[in-house]
Undergrad: 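Mind having a look at this structure? Questions to follow.
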Amino acid sequence: VVGVGASGFARDPDASVLQLAGAALRNALADADLEARSIDGLVVQIGSPRGADYDSLAEAFGLDVRFSSQSWAHGRFTATCIAHAALAVATGLATRVACVLAMKNSGFGRLGEASNPFFYEQFRENGGPHGEDGSIGLSSPVAGAAMAFDLYCRRYGKNRALLAAAPLTFRRHAQLTDDAVAREPLTLEAYQNARMIVEPLRLYDCSPVGDGAVCLIVAGKAQVPRDRPAAWITGVQGLPAGRDTYIFGPRGLGVGQQGLERPTRQQAAAQPVFAMAGLTPETVDTLGVYDSFSPLVPFTLEAFGFCEPGEGLDFIQDDRIALGGALPTNTSGGQLSQAQLNGWAQIRELVLQLRGLAGPRQVPSARRALWAATVGDALALERR
Amino acid sequence: MDEAADPIVNALNRPFWEAAERGVLRLPVCGATMRAFWPPSPLSPFDVGAQVVWKECPPTGVLLSRIVFRRLFHEPFSVHLPYAAGLTQLDTGPRLQGFIARPDDPSAPRPGDRVRLEFQVLTPGGRHVPVLVVAPGEQP
């Protein structure tokens with residue numbers, strides 16, 4: 001990753017998604033000390049109407065790329081987008097690939113409401129991509145996370161109040177992060193008194209809408225400047241799919257049509273991203289977790305072998321995932337406080353951590369980082 | 001924008017929705033393993049080469065989990081607030097999600113309860129959709 005940049009993150013219904021993307025690209029190019037004409041590949045995660053499609057981006061910014069791709073407009077393809085850029089570089093399809101997440105949500109109302117472009121996904125044949133079923137009022141992605149979390153707490157006999165540690169920890173991190181959308185102090189009392197959105201999940205279990213853009217520039221070994229530390233992509237893995245996967249629940253939980261056998265901690269730690277990167281859960285210095293909704297934090301920790309199945313809620317207690325803890329996680333505030341940007345702001349934060357540029361949030365001597373999502377999307381980065 | 005709540009009904013799933021109008025649970029079944037499955041598919045998820053047939057199934061099971069909507073996402077359901085949705089382990093194998101009315105009422109089903117799937121119209125002029133009610137006496 002030779003360059004990283006972002007726009008500001010804020011709820012701004014008047015913002016243009018091309019303006020947001022342009023700011024992120026300009027900042028990433030400046031960071032990489034590159035001209036726009038040196039970009040010959042473009043990978044886009046979110047197209048219109050929430051984002052901008054690859055063709056309008058390339059045209060507006062005067063790019064002339066020979067490789068373009070664009071994923072389904074969901075956060076689950078975040079690391080896959082970056083892997084796609086790395087594959088393009090490795091195969092010679094491109095030399096320097098700009099990976100862009102540009103997203104504007106605030107003009108569209110809430111997810112699950114009819115004004116939102118995602119509204120009709122709940123009526124997709126066989127149900128929505130997060131377990132939604134509009135015909136019985138089971139609307140919005142948050143419902144899928146709530147269903148999995150209710151089932152999880154019953155299966156393991158866990159007190160659901162333990163979940164507060166995730167949003168409270170990340171809010172403290174956001175207070176150290178200039179571009180976080182939600183920086184005001186959050187107390188346990190305020191968390192517990194906040195309104196239910198879909199029970200058992202409350203307001204602060206849901207990430208705030210943010211409009212913004214992040215750009216990463218991925219290049220091959222020969223293009224990496226030698227005069228400063230860089231974040232190297234050392235591991236990726238594909239996105240699993242099948243009857244045993246559920247976007248907001250770990251494998252084997254038994255939500256949707258999943259089986260009931262949870263992978264052991266050892267099996268979870270043997271996922272391809274670890275093997276490719278020569279990494280283990282114990283050697284990760286800082287972690288990014290896809291946290292649109294709080295339950296995804298314990299779920300992801302279990303799914304990647306940081307703890308035993310059923311122990312994720314205990315793991316996040318006692319500041320273990322806070323700056324200064326054993327596994328500093330979502331150090332720029334996570335999606336729960338920085339902004340819902342499909343994990344891209346977290347990956348940018350990991351790059352900054354590895355380059356020693358995270359300021360008051362710096363994890364001392366951070367060398368190995370992992371970004372991961374419950375369902376299996378993952379990216380390993382290393383300082384070299 | 002249109003806020004209809006009706007499911008998409010077509011050749012893939014019409015046997016389910018037609019049976020639902022009669023209050024009957026009909027599910028796709030793998031002709032090779034005779035296992036019922038959900039959601040519908042033209043290919044059996046247990047044996048891709050097998051015939052898929054539709055069969056009436058007992059509408060009973062256990063409620064596994066439940067979530068409660070206390071704010072409105074979808075206008076046609078405003079009259080039902082607060083309402084719940086539940087994940088049910090059907091006795092016949094697959095899991096199905098259903099609507100739960102008046103979740104704060106003591107008679108509403110809670111996780112662990114034996115439940116029966118009924119089909120009711122929830123929105124004006126809408127289809128009969130799965131609704132979960134307590135059914136203590138109905139064992140598999």
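Chain A is the first sequence line, chain B the second, and so forth, proteins listed ahead of strands; every chain is numbered from 1.
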Undergrad: Could you tell me which of B:L122, B:T123, B:L12 has the largest number of non-hydrogen atom pairs under 4.5 Å with chain A?
TA: B:L12

Undergrad: For the backbone of A:Q258 and the side chain of B:R95, can you confirm whether one donor and one acceptor N or O come within less than 3.5 Å of each other?
TA: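 Side chain of B:R95 to backbone of A:Q258, a donor-acceptor pair under 3.5 Å: yes, one is there.
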
Undergrad: Any chance the side chains of B:N10 and A:E125 put a donor and an acceptor closer than 3.5 Å?
TA: yes

Undergrad: Applying a criterion of heavy atom separation less than 4.5 Å, what residues of residues 147-160 of chain A form contacts with chain B?
TA: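 Result: A:M147, A:D150, A:L151, A:R154.
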
Undergrad: Are any side-chain N or O atoms of B:R66 and backbone N or O atoms of A:E199, one a donor and one an acceptor, separated by less than 3.5 Å?
TA: no

Undergrad: A:Q257 and B:P39: which non-hydrogen atoms are nearest, and at how many Å?
TA: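 So the two residues come closest at CG-CD, 4.3 Å.
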
Undergrad: Work out which heavy atom in B:F37 is nearest to a heavy atom in A:R243; give both atom names and the distance.
TA: CB-NH2, 3.9 Å

Undergrad: Just how far is it from atom CZ of B:R71 to atom OG of A:S140, taken to the nearest 0.5 Å?
TA: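 Going from CZ on B:R71 over to OG on A:S140, the span is 7.5 Å.
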
Undergrad: A:R124: what forms a side-chain contact (heavy atoms from CB on, under 4.5 Å) with it, not counting sequence neighbours?
TA: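 Listed in chain order: A:W72, A:P129.
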
Undergrad: Please examine the side chains of B:F73 and A:I197, heavy atoms only from C-beta on, and report whether any two atoms are closer than 4.5 Å.
TA: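 When only atoms from C-beta onward are counted, B:F73 and A:I197 do touch, with a gap below 4.5 Å.
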
Undergrad: Picking from B:F69, B:W38, B:F99, which has the most non-hydrogen pairs under 4.5 angstrom with chain A?
TA: B:F69

Undergrad: Would you call B:L87 and A:V255 a side-chain contact if the rule is heavy atoms closer than 4.5 Å?
TA: yes

Undergrad: Counting only non-hydrogen atoms closer than 4.5 Å, does B:L64 touch chain A with its backbone (N, CA, C, O), its side chain (CB onward), both, or neither?
TA: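 Contact with chain A involves both backbone and side-chain atoms of B:L64.
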
Undergrad: Would you say the side-chain atoms of A:N126 pair up with the backbone N or O of B:P40, donor to acceptor, closer than 3.5 Å?
TA: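 At least one qualifying donor-acceptor pair exists.
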
Undergrad: Could you have a look at A:G254, A:G131, A:G127, A:A143 and say which one has the most heavy-atom pairs with chain B under 4.5 angstrom?
TA: A:G254

Undergrad: Testing the basics here: between A:S135 and B:W17, what is the closest heavy-atom pair and its distance to 0.1 Å?
TA: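 Taking every non-hydrogen atom into account, OG-CH2, 4.2 Å.
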
Undergrad: Under 4.5 Å from any heavy atom of chain A, what part of B:P82 do you find: side chain, backbone, both or neither?
TA: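 Contact with chain A is absent: no heavy atom of B:P82 under 4.5 Å.
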
Undergrad: Less than 4.5 Å apart, any side-chain heavy atom of B:Q97 and any of A:I136?
TA: yes

Undergrad: Please report the shortest heavy-atom distance between B:I67 and A:A146, naming the atom on each side.
TA: CG2-C, 3.5 Å

